[in-house]
Amino acid sequence: MTQVERHTYDVVVIGAGGAGLRAAIEARQRGLRTAVVCKSLFGKAHTVMAEGGVAASMGNANSNDNWQVHFRDTMRGGKFLNNWRMAELHAKEAPDRVWELETYGALFDRTKDGRISQRNFGGHEYPRLAHVGDRTGLELIRTLQQKIVSLQQEDHKETGDYEAKIKVFAECTITELLKDGDKIAGGFGYWRESGRFILFEAPAVVLATGGIGKSFKVTSNSWEYTGDGHALALKAGATLINMEFIQFHPTGMVWPPSVKGILVTEGVRGDGGVLRNSEGKRFMFDYIPEVFKDKYADNEEEADRWYTDPDNNRRTPDLLPRDEVARAINSEVKAGRGSPHGGVFLDISSRMPAEEIRRRLPSMHHQFKELADVDITAEPMEVGPTCHYVMGGVEVDPDTAAARVPGLFAAGEVAGGMHGSNRLGGNSLSDLLVFGRRAGSGAADYVEGLSARPEISQSDVDTAAEGAVRSFDPRGGGVEENPYTLHSELQQSMNDLVGIIRKAGEIRQALEKIDEIKARIPNIAVEGHRQFNPGWHLAIDLDNMILVSECVARAALLREESRGGHTRDDHPSMNANWRNKLLVCSTDGSDVSVVEQPQIPMRQELFELFEIGELEKYYTGDELAAHPGRKA
Ligand code: FAD
């Protein structure tokens, strides 16, 4: 029988980024005993790296802003493939979630009259991102952690135990979700330091594990983003949607090679920075797509006036949604107009005094000075696309964040639907807060409604333990594979064949490579023992990366159009017949299957927030028949 440390909770939250912490706070405030489990150190999640800000239509910088405008921008950014109910809840609730953070102790940058300052970002009609310099995620995490500590202090007062109702298990990786019949019963994992196994018995699990970027070679994501939550959900019988949509952020560092992919915040462009090619031309004016022509300036003078007079000028195309800018940079480089190291130039030095740059963008100044020996107050940066965010994720109920498996919930980057085919910058931090809270509350409702607690069988625990240590005893009959080699081959293949521009033939090649790697995985051999062993950790993570990569590639092959974070060279246009189709991934344990599923039509009063002329660019004639513009 496997030796396991056992814990019993009402709710287990996997992930301690913004979504996980907000979910845990909610579950604890509802009185439930809650565990937060995270693979890295507490405080070191993706959320902490967020730079630019959190999008919420508080209307501080422009009083014309409101939830309806934010909703419209989000749907436009996602090319109308978003789950409209999620986009509605998000736009309506984001301001409250930001104000709530201030009650937890957050200190956002202020306007001159003392309100929360808001900055411009791509695809947002008005300045909307509440921020703390370019270190917003750090403040968000600091504040949520502080709230957890204050709840623990209340619990200590009441029970004498700080961890009576909420406890953090850091550097602890969950490898399997366990069920009782069709219901979630807990999670199995290991302590990264000792390698010892740990079991959580709980009727509700909230997945808040973030993204999948480590399946790609060039990425802004850090080591933890191996798609664990996506894979855990799939293996437990839940479904993933929108997996073909991957966001390649237009501005990652391209030089030196050791830092390739590290993010350069969109805040640089939001604050006035412009993109130029090797000829010094502001090339974005050549890449304004038809659907955005009336919203973006077609000349430099108007674009520059917009920064100070947004009501009377159209916005700069440097701030088009990320998918558009990433593709434009790709085209400039391909046409031979790139920078020396294969990117383009991002110039803030000629647009703003040095002191102002250092004040508004301190992290960017530091990052370039330290990593690339470039002083961004005096010279342009070199930037290019980097895999940044996955729009796809666990299919959830918008109101409760419940997945298809009873007892399983998902929020944040691991959940799908909210952002459609492309996420707007700043809409992730707000998404984490809005749906983190809803997931915590959904889980609490679910647990309170149960008549009996599910149970975990010993045989399931033994199977999970055997699976975890498989690579210490490979089945290769003498052939031994190195997990680092397989990881690197997967990353290269996803980058080259299912990256920013895709073609059917190349995606098929990627799928062949995935099959080949899958066949080699049982031969992975790791040295040593379970005490802190990164090779072993990677061997476990690889199972997840391969499963998630297969979902991305299979969905990308099926979707024969280009939309948002999915660009098919062989189907270059957006196709209205694909707009309302979701591709839903599931697995039988070994293979991934993908089926089409129609979207639920948008509620009438939301539909009517858009002009018929705009909807005609995205919807089929039949779908538009109910719009008053068409009826008239
Ligand atoms: P994360 O913050 O990614 O946290 C995931 C958690 O899950 C971690 O604690 C991790 O340890 C844990 N975990 C994962 N797998 C396991 C496992 N198997 N077992 C246990 N724990 C596990 N968005 C914006 O809106 N505005 C911005 O300005 C912005 N800037 C960004 C800058 C950078 C450099 C990057 C990389 C992203 C940025 N984003 C921004 C995106 C945003 O930060 C992320 O999408 C968001 O933080 C994801 O939050 P999350 O709570 O879903 O997950």
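All of these numbers come straight from a predicted model, not from anything done at the bench. Whatever order the structure lists ligands and atoms in, that order sets their numbers, starting from 1.
- Taking a cut-off of under 4.0 Å to the non-hydrogen atoms of Val37, the atoms of ligand 1 that pass are 20 (C), 21 (N).
- Taking every heavy atom of Tyr389 and a limit of under 4.0 angstrom, the matching atoms of ligand 1 come to 45 (O).
- The proximity of Asn427 to ligand 1, defined as any non-hydrogen pair under 4.0 Å, is limited to the backbone.
- Counting heavy atoms under 4.0 Å from ligand 1, residue Ala55 does not touch it at all.
- Listed by atom number, the atoms of ligand 1 under 4.0 Å from Ala16 heavy atoms are 6 (C), 8 (C), 9 (O).
- Of the protein's heavy atoms, Gly210 CA, 3.5 Å lies nearest to atom 53 (O) of ligand 1.
- Between the side chains of Ser117 and His131, at least one donor N or O lies within less than 3.5 Å of an accepting N or O.
- Between His419 and Tyr389, the distance from one ring center to the other falls under 6.0 angstrom.
- Taking the side chain as every heavy atom from C-beta outward, Pro534 and Trp536 never approach each other to under 4.5 Å.
- At a threshold of 4.5 Å between non-hydrogen side-chain atoms, the residues Val12 and His7 do not count as touching.
- Proximity of His388 to ligand 1, defined as any heavy-atom pair under 4.0 Å, is confined to the side chain (atoms from C-beta onward).
- In summary, the atoms of ligand 1 found under 4.0 Å from a heavy atom of Glu224, numbered by their order in the structure, are 8 (C), 10 (C), 11 (O).
- When Thr47, Leu140, Ile14 are ranked by how near their heavy atoms come to atom 2 (O) of ligand 1, first place goes to Thr47.
- Atoms CZ and CZ, from Arg192 and Phe532 in turn, are 6.0 Å apart once rounded to the nearest 0.5 Å.
- In terms of polar-atom proximity, Gly53 is counted as a contact of ligand 1, with an N or O under 3.5 Å from an N or O of the ligand.
- Taking every non-hydrogen atom of Cys38 and a distance limit under 4.0 Å, the qualifying atoms of ligand 1 come out as 9 (O), 11 (O), 20 (C), 21 (N).
- Counting non-hydrogen atoms of neighbouring residues, nucleotides and ligands closer than 6.0 angstrom, the CZ atom of Arg30 exceeds 12 such neighbours.
- Proximity of Arg135 to ligand 1, defined as any heavy-atom pair under 4.0 Å, is not found for any part of the residue.
- More than 12 heavy-atom neighbours from other residues, nucleotides or ligands sit within 6.0 angstrom of CD on Glu163.
- The proximity of Ala208 to ligand 1, defined as any non-hydrogen pair under 4.0 Å, is limited to the backbone.
- Looking only at atom types and distance, the side chain of Gln247 has no donor-acceptor partner in the side chain of Asp323 under 3.5 Å away.
- Residue Gly425 places no N or O, backbone or side chain, under 3.5 Å from any N or O of ligand 1.
- Using a 4.0 Å cut-off between heavy atoms, Thr173 contacts ligand 1 through both its backbone and its side chain.
- Residue contacts with ligand 1, taken as heavy atom pairs separated by less than 4.0 Å, involve Thr209 via backbone and side-chain atoms alike.
- The nearest non-hydrogen atom to atom 13 (N) of ligand 1, considering only Glu176, Gln247, Lys39, Glu171, comes from Lys39.
- Taking distance alone, with nitrogen or oxygen atoms compared against 3.5 Å, Ala45 stays at or beyond that limit from ligand 1.
- The protein heavy-atom contact nearest to atom 3 (O) of ligand 1 is His46 CB, 2.7 Å.
- What sits closest to atom 17 (C) of ligand 1 on the protein, heavy atoms only, is Asp228 OD2, 3.6 Å.
- Taking atom 28 (O) of ligand 1 as the reference point, the nearest protein heavy-atom neighbour is Gly52 N, 2.7 Å.
- By the 30° and 60° cut-offs, the orientation of the rings of Phe200 relative to Tyr9 is tilted.
- Residue Cys172 approaches ligand 1 through these ligand atoms, each under 4.0 Å from one of its heavy atoms: 19 (N), 20 (C).
- Put simply, part of Leu432 is less than 4.0 Å from ligand 1, judged by heavy atoms.
- Counting heavy atoms under 4.0 Å from ligand 1, residue Leu263 touches it through the side chain alone.
- Below 3.5 Å of separation, one finds an N or O of Tyr225 facing an N or O of ligand 1.
- Between Glu51 and ligand 1, a contact under 3.5 Å exists for at least one N or O pair.
- A donor and an acceptor atom, one from each side chain of Asn544 and Thr226, are nowhere located under 3.5 Å apart.
- Below 30°, between 30° and 60°, or above 60°: for Phe169 and Trp191 the angle between ring planes is between 30° and 60°, a tilted geometry.
- The option from Met49, Glu413, His419 that lies nearest to atom 48 (C) of ligand 1, judged by heavy atoms, is Glu413.
- Of the N and O atoms on the side chains of Thr74 and Asn427, at least one donor lies less than 3.5 Å from an acceptor on the other residue.
- Within ligand 1, the atoms closer than 4.0 Å to a non-hydrogen atom of Ala19 are 51 (O), numbered from 1 in the order shown.
- For ligand 1, the atoms sitting less than 4.0 Å from at least one non-hydrogen atom of Ser40 are 11 (O), numbered in the order shown with element in parentheses.
- Residue Leu429 places at least one N or O, backbone or side chain, under 3.5 Å from an N or O of ligand 1.
- Using a 4.0 Å heavy-atom cutoff, Ser220 is listed among the residues neighbouring ligand 1.
- Nearest protein heavy-atom contact of atom 7 (O) of ligand 1 is Gly15 CA, 3.1 Å.
- With sequence neighbours excluded, no residue forms a salt bridge (Lys or Arg N to Asp or Glu O under 4.0 Å) with Lys235.
- Residues Ser430 and His90 bring a donor and an acceptor atom of their side chains to less than 3.5 Å of each other.
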Below 3.5 Å, can you tabulate the donor-acceptor pairs from side chains in residues 18-27 to any protein atom, sequence neighbours excluded?
unit_1: Arg22; atom_1: NE; unit_2: Glu100; atom_2: OE1; d: 3.1
unit_1: Arg22; atom_1: NH1; unit_2: Glu26; atom_2: OE1; d: 3.0
unit_1: Arg22; atom_1: NH2; unit_2: Glu26; atom_2: OE1; d: 3.1
unit_1: Arg22; atom_1: NH2; unit_2: Glu100; atom_2: OE1; d: 3.1
unit_1: Arg22; atom_1: NH2; unit_2: Glu100; atom_2: OE2; d: 3.1

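- Side-chain N/O atoms of Arg28 and Thr34 include no donor and acceptor closer than 3.5 Å.
- Summary of contacts: the protein heavy atom closest to atom 19 (N) of ligand 1 is Ile174 N, 3.0 Å.
- Annotation: Phe121 places no N or O atom under 3.5 Å from an N or O atom of ligand 1; distance criterion only.
- Across every non-hydrogen atom of Ala415 and Ala410, the tightest pair is CB-O, 3.9 Å.
- The residue among Gly252, Ala50, Ser428 with a heavy atom at the shortest distance from atom 27 (C) of ligand 1 is Ala50.
- For the residue pair Arg33 and Thr8, the shortest heavy atom distance occurs at NH1-O, 2.7 Å.
- Note: His70 and Tyr126 fail the aromatic proximity criterion, with ring centroids not under 6.0 Å apart.
- Scanning the protein for heavy atoms near atom 41 (C) of ligand 1, the closest one is Arg423 NH2, 3.7 Å.
- Glu266 has its side chain out of reach of Thr251: every pair of non-hydrogen atoms, C-beta onward, lies at least 4.5 Å apart.
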